[in-house]
Amino acid sequence: MTSCFSFLCGRRSNPPTRHSSELGDELPGVHNVVLYSYKELRRATNDFSPTNKIGEGGFGSVYKGKIWNEKMAAIKVLSPGSTQGVKEFLTEIQVISDVQHENLVKLYGCCVEGNHRILVYNYLENSSLAQTLIGGRHSSIQFSWQTRVKICVGVAKGLAYLHEEVKPPVVHRDIKASNILLDKDLSPKISDFGLAKLIPVDMTHVSTRVAGTIGYLAPEYAMKGQLTCKADIYSFGVLLIEIVSGRCNTNSWLPAEEKYILERAWQLHERREIVSLVDTALNGDFDPEQACRFLKIGLICTQDFPKLRPSMSTVVQMLTREKDFDENKITKPGLITDLMDLNIKSAPKTKAQINHSPSNFVSSGSDNLDSSTLSPGPSSQATFTFTEVYDRSV
Ligand SMILES: Nc1ncnc2c1ncn2[C@@H]1O[C@H](COP(=O)(O)OP(=O)(O)OP(=O)(O)O)[C@@H](O)[C@H]1O
């Protein structure tokens with residue numbers, strides 16, 4: 001047994017079969033991860049039956065299944081042959097095996113056997129925000145104003161924990177609606193840590209190749225590969241406006257001036273009509289002062305200049321009214337259209353290129369990314385990775 005994992009002994013009355021693993025050599029010092037056998041997970045999912053399939057992402061398929069003590073789990077199977085996926089698999093384990101917070105998804109363990117790479121999480125009954133509130137898919141869940149407030153504050157608290165309590169700080173890099181899962185009480189859990197980066201405490205930023213999801217990408221990160229916690233804060237700002245408005249950040253079917261949610265929010269803010277962005281599905285049943293406040297905090301989080309974006313703990317205080325802000329100081333946010341103009345008009349070709357090969361382009365299920373122009377279509381909410389650009393990953 002060469003594994004460096006420390007297993008969770010004593011917590012289980014009848015733990016799953018444990019296997020020695022090459023993963024231990026790849027991730028020395030990883031704690032608190034249970035190793036499941038492939039046989040056990042096959043049994044749990046009825047041989048990965050399509051009827052137990054609950055989702056599909058860039059990583060591979062996700063199945064529902066009962067693990068050793070009748071506990072329901074979400075079982076994420078990495079597609080065979082995905083090099084990028086293996087990297088994300090390892091990052092995911094490294095990052096979330098060590099952190100615990102009520103607004104972060106819980107990793108129960110993993111399976112590493114032969115070519116099989118599988119992650120096992122706690123199962124969240126109400127799927128993701130992308131499949132329910134945002135994205136226009138059919139869902140019977142009613143998102144009242146109070147539920148939306150709970151979701152926004154919960155996600156903000158989860159991020160504040162990652163940025164300010166975990167050492168070294170963790171930048172998630174892919175905050176978006178499909179990575180916010182909801183439990184049976186509609187409490188939010190941030191998921192998908194495959195792109196996360198640990199920021200050394202003595203560094204102001206790390207330079208890295210760009211990965212994430214168009215529509216949520218902070219301009220300085222998309223253009224220069226400069227990654228700080230402020231990139232997550234930008235993505236959170238976009239998500240916050242999506243939750244209040246009940247719509248996706250980009251919708252090509254809408255008239256030009258309404259296509260991009262951030263642009264729309266800024267126009268309406270300037271006209272002092274931002275309240276009209278609040279989801280009409282609420283039928284007016286919301287606190288207008290609080291809703292406008294949330295939308296303005298979304299604009300503050302997405303300011304073009306990263307220093308103007310508050311820290312996540314400040315965002316939590318702003319959302320919960322513990323801290324005020326001066327709305328006259330809100331300037332134009334970093335807009336996706338400006339970013340696209342820059343990419344198309346001025347970036348050297350090698351810098352603007354996105355490589356489509358499966359090893360470095362991560363896209364979600366049926367989602368389609370028009371990467372030649374960086375033009376976001378109605379369903380361009382898939383995670384992607386630019387290559388050859390800022391290839392100085394830390
Ligand atoms: N712990 C979980 N509990 C319940 N459902 C889950 C869980 N994890 C994932 N899912 C479901 O599986 C879907 C796919 O998840 P996955 O994280 O693989 O991809 P994604 O975030 O949708 O896309 P991408 O890979 O582009 O980021 C989710 O949208 C969700 O519906």
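Numbering starts at 1 and runs along the sequence shown. Each ligand, and each atom within it, is numbered from 1 in the order the structure gives.
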Atom indices of ligand 1 within 4.0 angstrom of [X] heavy atoms, with elements:
X: Ala74; value: 1 (N), 2 (C), 3 (N), 7 (C)
X: Ser127; value: 31 (O)
X: Asp192; value: 17 (O), 21 (O), 27 (O)
X: Ser178; value: 20 (P), 21 (O), 22 (O)
X: Gly55; value: 12 (O), 13 (C)
X: Tyr123; value: 3 (N), 4 (C)
X: Lys76; value: 16 (P), 17 (O), 18 (O)

Ignoring angles and geometry beyond distance, decide whether [X] reaches within less than 3.5 Å of ligand 1 through its nitrogen or oxygen atoms.
X: Ser191; value: no
X: Lys176; value: yes
X: Asn122; value: yes

Shortest non-hydrogen contact from [X] to [Y]?
X: Cys152; Y: Ile243; answer: SG-CG2, 3.7 Å
X: Leu195; Y: Glu88; answer: CD2-OE2, 3.5 Å
X: Arg173; Y: Asp232; answer: N-OD1, 2.9 Å

Side chain, backbone, both or neither: which part of [X] has a heavy atom under 4.0 Å from ligand 1?
X: Asn179; answer: side chain
X: Leu181; answer: side chain
X: Glu56; answer: backbone

Tell me, with the steps shown, if Trp145 and Phe294 meet side chain to side chain contact (heavy atoms under 4.5 Å, CB included).
-> CA-CA 12 Å; Trp145 176 245; Phe294 275 34; 4.3 Å; yes

Pairs of donor and acceptor atoms involving the side chains of residues 315-323, under 3.5 Å and at least two apart or interchain, shall be tabulated with distances.
{"residue": "Thr320", "atom": "OG1", "partner": "Val316", "partner atom": "O", "Å": "2.8"}
{"residue": "Thr320", "atom": "OG1", "partner": "Gln317", "partner atom": "O", "Å": "3.4"}
{"residue": "Thr320", "atom": "OG1", "partner": "Glu322", "partner atom": "OE2", "Å": "2.7"}
{"residue": "Arg321", "atom": "NE", "partner": "Glu289", "partner atom": "OE1", "Å": "3.4"}
{"residue": "Arg321", "atom": "NH2", "partner": "Glu289", "partner atom": "OE1", "Å": "2.5"}

Residues forming a side-chain hydrogen bond (donor to acceptor under 3.5 Å, both in side chains) with Glu242, sequence neighbours excluded |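 side-chain hydrogen bond (donor to acceptor under 3.5 Å, both in side chains) list for Glu242, sorted by chain: Tyr216, Asn249.
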
Measure the spacing between SG of Cys111 and CG of Leu35 and express it to the nearest 0.5 Å.
->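 If I round to the nearest 0.5 Å, the distance is 8.0 Å.
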
Would Gln131 and Ser128 count as a side-chain hydrogen bond (donor to acceptor under 3.5 Å, both in side chains) if you check the C-alpha gap in whole Å, the side-chain angles of each, and the deciding distance to 0.1 Å?
-> CA-CA 5 Å; Gln131 286 164 307; Ser128 74; 3.2 Å; yes

Cluster overlap Leu124 with Val153, hydrophobic side-chain contacts below 4.5 Å |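 Cluster IDs for Leu124 and Val153 match.
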
